[in-house]
Amino acid sequence: MSTTTATSTADLTSNAPRGTYQVRTFGCQMNVHDSERLTGLLEESGYVAAPADADAKKGEVDVVVFNTCAVRENADNKLYGNLGALRPAKDAHPGMQIAIGGCLAQKDRATIVERAPWVDVVFGTHNIGSLPVLLDRARHNAEAQVEILESLEVFPSTLPTRRESAYAAWVSISVGCNNTCTFCIVPALRGKEKDRRPGDVLAEVRDVVEAGAIEVTLLGQNVNSYGVEFGDRGAFAKLLRACGDIEGLERVRFTSPHPAMFTDDVIEAMAETPNVMPQLHMPLQSGSDDVLRRTHRSYRSTKFLGILDRVRERIPEAAITTDIIVGFPGETEEDFQATLDVVEASRFSSAFTFQYSIRPGTPAATMDQQIPKAVVQERYERLTALQDRITYEENQRLENQVVEVLVAEGEGERDRETHRISGRARDHRLVHLALPADLPESERPRPGDLVTATVTRAAPRYLIADSAVVPGRTWQQLDPQQFSVRRTRSGDAWEAGVQGIEQSGACGTGHGGGGAPSGPVVLGIPSLRTR
């Protein structure tokens, strides 16, 4: 196993074209953002995105990179299934290279090469910047290169980044986690929390806004513990307020906070900073205090509900989402009922619900009283049925309400069939909206533009805003609350990105590759920005 990391990309690369790539991403927003860095590194090293219709299984892609997740039990099966599907292409095209990165690579290390010896590169969560070098080294030495670091040496935001979107950007404020949740393997794979200095974060935010983005999502394993490394407990609230002073930045989001560390100064900053969106993702995990105790979640249901009450008191329109685990070891029917009770009281706009799965290396993996699969499944179905009802009821409350929608690519799978466009409201709800039948092509909103419309119908998982369809009225005669478009710098940036040779698709998909993201390749620190 190689442990050398000092070699620079420039030592082993040249400006000559190196072939095509696909990056396939599984897991959380952190992984999606890491994949933006991987594509930036590859393009800076001379690789180009494979055409959207290129089939790696037919050997039509030169480099395939899997950015993996290790949170769920089926992560291993998903990876090795994909690797097995690529083996015939690899055998038929020896020059093709396969690289594995991300959390599963950090966890399994050399085991990946033992199980799939046709893999060329394995790299960890702490050294994604090594990928181009490792690809060259594997090609030169004709053997697999495995390089895993145990801790972060360079904050990844300093690496070249090919942004997935021209109008919305991820910005990492920290990596790693200092918590000890007994079900979670993330701290073991991403290490202790490392915080960026506020000036570096804000410089990157300004940089992506200058490049065209009007929405930024601040990323961290626990964003509200930001500042712990440099001793400022109020750093996250200050950071939100500072984002409010950035000209041209219209929407600020963040994910994910931890209930134990969520303080009122953050609520005040959200309420008093106009460009911080009325949206909050607050992971519950369980409504049972006993289960929370055994998972090492250092809050209880009363505190959790109190946070939601205070958020809604200051931000009545806030949409709150959550994460919930069903079937943690030892979970009784009484424990599960407590979760249902908290979900009913919380009125989440949506929830990411998971069935507990054993992750080797976590304390929960060796706990007694593992719950039978059939019991977990039955509870899971009850929970999702409850949350589906609540989501629909909460969506129905928004009927006849005016919404401002940031038009997005890839949000509406059936937009061509329904003749609608799609995007996210300020509270992050998905909205599908109709355009006036007589709207000229030159006036159509582009991804990155903002559309104002009125919700005409709620659906169980989204909103419909067909207020622009009014018989007998032209698009110029519509009330601005029925339909209006505000063209933005982001729409201009998107349009500029697709002129000439269109680059559709993105790295952040769990089921394939595709073309390059549409944003520019930039560095996280503007003073080092490439031109």
Side-chain angles (χ1 to χ4, degrees), residues 165-168 213-215 249-253 274-280 312 315-321 347-350 387-495:
S165 167
Y167 47 86
I214 60 172
E215 177 175 293
L249 178 58
E250 299 200 26
R251 294 187 172 195
V252 178
R253 305 186 191 278
N275 65 356
V276 176
M277 294 295 93
Q279 174 217 352
L280 178 65
R312 286 175 171 140
I315 314 168
E317 72 276 24
I320 301 175
T321 57
R347 307 298 297 178
F348 298 118
S349 61
S350 66
Q387 182 56 54
D388 286 349
R389 172 179 64 78
I390 294 171
T391 297
Y392 189 22
E393 291 171 353
E394 292 300 301
N395 283 352
Q396 288 177 310
R397 294 176 55 193
L398 295 176
E399 290 181 347
N400 301 316
Q401 297 294 309
V402 177
V403 290
E404 180 191 66
V405 180
L406 175 59
V407 179
E409 285 184 291
E411 291 280 20
E413 296 179 358
R414 297 176 57 243
D415 281 355
R416 289 186 182 273
E417 302 170 32
T418 60
H419 303 289
R420 293 186 176 101
I421 60 173
S422 300
R424 298 282 171 172
R426 288 171 57 84
D427 65 6
H428 207 246
R429 282 183 169 89
L430 178 61
V431 182
H432 303 300
L433 58 91
L435 298 177
D438 63 333
L439 187 69
E441 187 66 30
S442 60
E443 300 294 332
R444 288 179 62 91
R446 308 155 298 179
D449 288 337
L450 292 161
V451 176
T452 298
T454 298
V455 177
T456 53
R457 179 169 63 86
R461 289 179 174 82
Y462 52 83
L463 303 174
I464 298 291
D466 283 351
S467 55
V469 181
V470 181
R473 289 194 185 182
T474 66
W475 69 275
Q476 295 102 326
Q477 294 172 327
L478 293 173
D479 184 283
Q481 293 188 344
Q482 292 176 308
F483 179 79
S484 62
V485 177
R486 178 157 64 89
R487 295 202 149 209
T488 68
R489 295 177 303 100
S490 289
D492 295 342
W494 177 87
E495 188 170 14

Check your understanding: Looking only at heavy atoms, which two atoms of Asn275 and Leu249 are closest? And how far apart?
Key -> ND2-O, 3.0 Å
Point to revise | Pairwise side-chain contact, Ile320 with Phe348, heavy-atom cut-off 4.5 Å (strictly under) | key: yes
Exercise for review: Check whether any side-chain N or O of Gln396 sits under 3.5 Å from a backbone N or O of Ala458 as a donor-acceptor pair, and report yes or no.
Suggested key: no
Exercise for review: Would you check if Leu398 and Val403 make a side-chain contact, meaning some heavy-atom pair closer than 4.5 Å?
Suggested key: no
Exercise for review: Could you tell me which non-hydrogen atom of Ala319 sits nearest to which non-hydrogen atom of Arg429, and how far apart they are?
Suggested key: CB-NH1, 3.6 Å
Point to revise | Close side-chain approach of Glu215 to Met277, heavy-atom, < 4.5 Å | key: no
Point to revise | Straight-line distance of Glu413 CD to Thr418 OG1, nearest 0.5 Å | key: 11.5 Å
Review point. Of Glu250, Glu404, Gln279, which is the lone residue that meets side-chain contact (heavy atoms from CB on, under 4.5 Å) with Arg426?
Key: Glu404
**Study point:** Polar side-chain atom of Asp427 near backbone of Pro278 as donor-acceptor pair, under 3.5 Å
**Key:** no
Study note, to complete from the structure: Tightest non-hydrogen contact, residues Phe483 and Leu478, listed as CB-CD1, 3.7 Å
Study note, to complete from the structure: Looking only at heavy atoms, the pair that brings Ala465 and Ala453 closest together is CB-CB, 3.9 Å
Practice item. Output, in order, the C-alpha distance, side-chain angles, deciding distance and verdict of side chain to side chain contact (heavy atoms under 4.5 Å, CB included) for Asp388 and Arg461. Key: CA-CA 8 Å; Asp388 286 349; Arg461 289 179 174 82; 3.3 Å; yes
Exercise for review: Using a cut-off of 6.0 Å, state whether more than 12 heavy atoms not belonging to Gln476 lie near its atom CD.
Suggested key: yes
Practice item. Calculate, to the nearest 0.5 Å, the distance between atoms OG1 and CD belonging to Thr321 and Gln387 respectively. Key: 9.5 Å
Exercise for review: State, without any angle test, whether Asp438 and Thr474 hold a side-chain donor-acceptor pair at a distance under 3.5 Å.
Suggested key: no
Point to revise | Basic-acidic side-chain contact under 4.0 Å: Arg444, Asp449 | key: no
**Study point:** Close side-chain approach of Arg487 and Arg446, heavy atoms under 4.5 Å
**Key:** yes
Review point. Can you find a pair of side-chain heavy atoms, one from Glu411 and one from Leu430, that are under 4.5 Å apart?
Key: yes
**Study point:** CZ (Arg389) with more than 12 external heavy atoms under 6.0 Å
**Key:** yes
Point to revise | Value rounded to 0.5 Å, distance of CZ in Arg397 from CD in Glu317 | key: 11.5 Å
Exercise for review: Taking the side chain as every heavy atom from C-beta outward, state whether Val470 and Gln477 have any pair of such atoms under 4.5 Å apart.
Suggested key: no
Review point. At their closest point, which heavy atom of Pro471 faces which heavy atom of Val469, and how far apart are they?
Key: CD-O, 3.9 Å
Point to revise | Validation row: Asp479, Thr454 side chains within 4.5 angstrom (heavy atoms) | key: no
Check your understanding: Has the side chain of Glu443 got a donor or acceptor atom that lies under 3.5 Å from a matching backbone atom of Pro440?
Key -> no
Study note, to complete from the structure: Taken to the nearest 0.5 Å, the spacing of Tyr462 OH from Arg424 CZ works out to 13.0 Å
Study note, to complete from the structure: So CZ of Arg347 and CZ of Arg312: to nearest 0.5 Å the spacing works out to 8.5 Å
Exercise for review: In sequence, state the C-alpha distance, the side-chain angles, and the governing distance for Leu280 and Ile315, and then conclude on side chain to side chain contact (heavy atoms under 4.5 Å, CB included).
Suggested key: CA-CA 10 Å; Leu280 178 65; Ile315 314 168; over 6 Å; no
Check your understanding: Do Leu439 and Pro445 come close enough that some side-chain heavy atom pair is under 4.5 Å?
Key -> yes
Study note, to complete from the structure: In this structure, CD1 of Ile390 is separated from OG of Ser349 (nearest 0.5 Å) by 11.0 Å
Check your understanding: Does the Thr456 side chain pair with the main chain of Ser467, one donor and one acceptor, at a distance under 3.5 Å?
Key -> no
Practice item. Without swapping roles, check the side chain of Thr488 against the backbone of Gly448 for a donor-acceptor pair under 3.5 Å. Key: yes
Check your understanding: Which pair of non-hydrogen atoms, one from Pro460 and one from Thr391, has the smallest distance, and what is that distance?
Key -> O-CG2, 3.2 Å
